[in-house]
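To start, the structure under review is shown below, and the notes come after it.
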Amino acid sequence: MESKRQQKYAKLIQKELGDIFQKESKHLVGRAMVTITRVMMSPDLGLAKVYLSFLLADPEATFQLINEHKKEIRHQLAKRIGKSVRVIPEIAFFPDDSAAYAQHMDKVIAKLSIPPAPLQEEDQEEEEED
């Protein structure tokens with residue numbers, strides 16, 4: 001379980017990285033929408049595991065491009081939070097597949113043919129008594 005301090009740093013980094021991807025890194029992501037779904041901080045606050053989700057783009061190519069420019073993104077993060085934190089954490093990006101998995105499960109559930117539940121005898125008896 002993360003401490004309150006780790007959670008506070010994680011929220012700060014999530015907010016700032018979201019702004020960076022939305023405003024300053026258009027050359028990296030193009031028209032893609034990058035969502036930071038989760039940030040997990042190490043206990044020493046030296047490493048931030050950032051989980052990314054992508055819309056309107058090829059996830060693998062966009063993820064690869066972001067990973068190649070990790071140093072530049074960290075530098076932009078340092079300019080934003082440098083005065084409020086002691087150490088700018090190293091950033092490790094990970095793809096978040098939960099949205100794709102949810103879409104897959106929706107398709108699987110939609111294909112199921114579930115017969116309607118039979119009426120219970122108890123329900124019929126209650127109706128007869130009324």
Nearest 0.5 Å please: distance from the [atom1] atom of [X] over to the [atom2] atom of [Y].
X	Y	atom1	atom2	answer
F21	I73	CZ	CD1	4.0 Å
T62	M33	OG1	CE	12.5 Å
L12	R80	CG	CZ	10.5 Å
L17	L77	CG	CG	5.0 Å
H104	I109	NE2	CD1	9.5 Å
I13	L45	CD1	CG	8.0 Å

Counting N and O atoms only, with roles assigned by atom type, does the side chain of R74 sit under 3.5 Å from a partner on the main chain of I91, one being a donor and the other an acceptor?
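Answer holds: no.
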Closest approach of [X] to [Y] (non-hydrogen atoms, all atoms of both residues):
X	Y	result
Q76	I20	OE1-CG2, 2.9 Å
E2	V39	OE2-O, 4.3 Å
P89	A48	CB-N, 4.1 Å

Is the NZ atom of K70 crowded by more than 12 outside heavy atoms at less than 6.0 Å?
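Counting neighbours around NZ of K70, more than 12 heavy atoms of other residues, nucleotides or ligands fall under 6.0 Å, so yes.
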Carboxylate-amine/guanidinium proximity below 4.0 Å for K79 and E24
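The answer is no: the pair does not qualify as a salt bridge.
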Identify the residue among V50, D96, L52 that makes a side chain to side chain contact (heavy atoms under 4.5 Å, CB included) with T37.
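Exactly one pass, corresponding to D96.
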Name the one of M40, M41, E90 that satisfies side chain to side chain contact (heavy atoms under 4.5 Å, CB included) with L47?
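So the option named by the test is E90.
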ILVMFWY cluster, I36 and Y51 together (side-chain gap under 4.5 Å):
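Per the 4.5 Å side-chain linkage, I36 and Y51 are not co-clustered.
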